[in-house]
There are 2 protein chains.
Amino acid sequence: MLVSTRGRYGLRSMVDIAINATTGPVPLRAIAERQGISESYLEQVFALLRKAGLVKAVRGSYGGYVLTRPPDNITVGEIIHALEGPLVSVNCVTEGKEVSCDKKDTCHTQFFWKKLTDQINEVLSSTTLQDLVGQDL
Amino acid sequence: MLVSTRGRYGLRSMVDIAINATTGPVPLRAIAERQGISESYLEQVFALLRKAGLVKAVRGSYGGYVLTRPPDNITVGEIIHALEGPLVSVNCVTEGKEVSCDKKDTCHTQFFWKKLTDQINEVLSSTTLQDLVGQDL
DNA sequence: ATTAAACCCTAGTAACATGGTAGGATTACC
DNA sequence: GGTAATCCTACCATGTTACTAGGGTTTAAT
């Protein structure tokens with residue numbers, strides 16, 4: 001169970017934009033170089049971020065990507081969720097949707113998975129992009 | 001990012017044994033029936049649990065599996081770890097081993113992944129099999 | 001000794017996910 | 001019109017998942 005490159009690259013890229021967006025939209029080319037990631041693979045990552053409404057694309061020359069909200073208003077959870085889907089879900093406790101395995105009434109593990117999922121979501125939703133940017137290294 | 005069937009089946013099976021081991025070793029046949037899981041698939045799950053030293057096999061007729069320690073001395077973390085590998089690791093924060101990506105000094109995301117991993121491990125290591133067994137349904 | 005219940009081990013397999021690459025189409029600044 | 005960028009789709013190699021199948025080994029009961 002490990003976070004895939006999509007999630008890791010995506011989070012790093014969002015931080016990159018937050019830091020480097022002072023002079024206008026940040027092109028993938030620049031992110032790819034700074035972060036050492038293939039540009040065409042980044043395109044696919046950003047397609048997901050765009051669909052999730054976290055970034056906006058500016059096409060054409062001098063274009064690039066910008067955040068749609070200030071960094072302190074974007075949680076890491078939103079980013080990871082957009083790229084990886086719900087984190088550590090177990091079907092029967094996946095948000096909202098009641099997949100309801102037929103063993104529900106006799107399942108001793110259900111409550112544990114819920115607790116774990118809740119804990120993870122707590123961390124994800126309480127950390128913003130700004131928290132990462134403004135951090136001492 | 002979801003927990004695979006190996007992890008889910010394994011945890012449920014361990015709970016099953018904890019509950020049903022009163023009359024001696026619990027055969028996979030019985031677990032498979034009660035939990036609605038294919039017996040031969042369970043064999044592979046139990047190979048992992050056995051390698052991790054969490055269960056002991058009793059071969060031959062009237063054999064089966066028994067826990068090697070009392071349920072209040074087996075954490076859910078040990079079980080999941082045996083079946084799924086380290087949970088939500090991101091290479092650069094994987095236990096002990098310093099995979100050390102070359103961006104370490106400039107990486108703003110590292111601290112977040114560590115925090116997340118720590119939180120998850122906290123839940124995993126503080127919940128025992130007994131906690132699941134002794135739970136109201 | 002035979003049988004049967006159980007664990008043990010390996011191989012195979014269909015479906016899907018991962019981590020990309022390649023190539024072209026579109027948009028917009030100059 | 002040229003160029004820099006996003007966009008979109010298809011492809012691909014590799015690995016993982018979730019199994020099934022089939023045989024071998026151990027041991028208790030008869």
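Both backbone and side-chain heavy atoms feed into the values below; hydrogens, waters and symmetry mates do not. Since this is a predicted model, take the numbers as computed values, not measurements.
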*asked:* Check this for me: Arg29(B), atom CZ, are more than 12 non-hydrogen atoms of other residues, nucleotides or ligands nearer than 6.0 Å?
replied: no

_Between Arg12(B) and Asp16(B) (salt bridge meaning N to carboxylate O under 4.0 Å), is one present in this structure?_
no

*Given atom NZ of Lys56(B) and atom P of dT26(D), what is their separation to the nearest angstrom?*
18 Å

*asked:* What I'd like to find out is whether the side chain of Val76(B) reaches to under 4.5 Å of the side chain of Thr128(B), using heavy atoms alone.
replied: no

*dT6(D), dC29(C), dC7(C): which one has an atom nearest the side-chain heavy atoms of Ser61(A)?*
dC29(C)

*Salt-bridge test for Arg69(A) and Glu78(A): reply yes if a basic N is under 4.0 Å from a carboxylate O, no otherwise.*
yes

*Could you check Ser13(A) against Tyr65(A) for side chain to side chain donor-acceptor pair (under 3.5 Å), going step by step and ending with a plain yes or no?*
CA-CA 10 Å; Ser13(A) 298; Tyr65(A) 285 95; over 6 Å; no

*Rounded to the Å, how far apart are Ile37(A) CD1 and dG20(C) C1'?*
13 Å

*Hey, does Tyr65(A) reach any base, or is it just sugar-phosphate, or nothing, if we go heavy atoms under 4.0 Å?*
sugar-phosphate

*What string of B, S and - do you get for nucleotides 10-25 of chain D, 5' to 3', if B is base contact, S is sugar-phosphate-only contact and - is no contact with any protein heavy atom under 4.0 Å?*
-------SBBB---BB

_Without decimals, in angstroms, what is the distance between Leu42(B) CG and dC9(C) P?_
16 Å

*Candidates dC8(C), dA6(C), dA5(D) - which lies nearest the side chain of Arg50(B)*: dC8(C)

*Return the value, rounded to whole Å, for the distance between atom OH of Tyr62(B) and atom C1' of dT3(C).*
13 Å

_Nucleotide nearest Ala57(A) (side chain, heavy atoms from C-beta), chosen from dT27(D), dT6(D), dC8(C)_ = dT6(D)

_For atom CG of Leu48(A) and atom P of dA17(C), their distance in whole Å_ = 13 Å

_Among Ile37(B), Asn20(B), Val26(B), which residue satisfies the side chain to side chain contact (heavy atoms under 4.5 Å, CB included) criterion with Ile31(B)?_
Val26(B)

*Starting from C1' on dG19(C), measure out to CD on Gln35(A) and report it in whole angstrom.*
17 Å

*Rounded to the Å, how far apart are Glu33(A) CD and dA4(D) P?*
13 Å

_Is a donor from one side chain sitting under 3.5 angstrom from an acceptor on the other, for Glu84(A) and Ser4(A)?_
yes

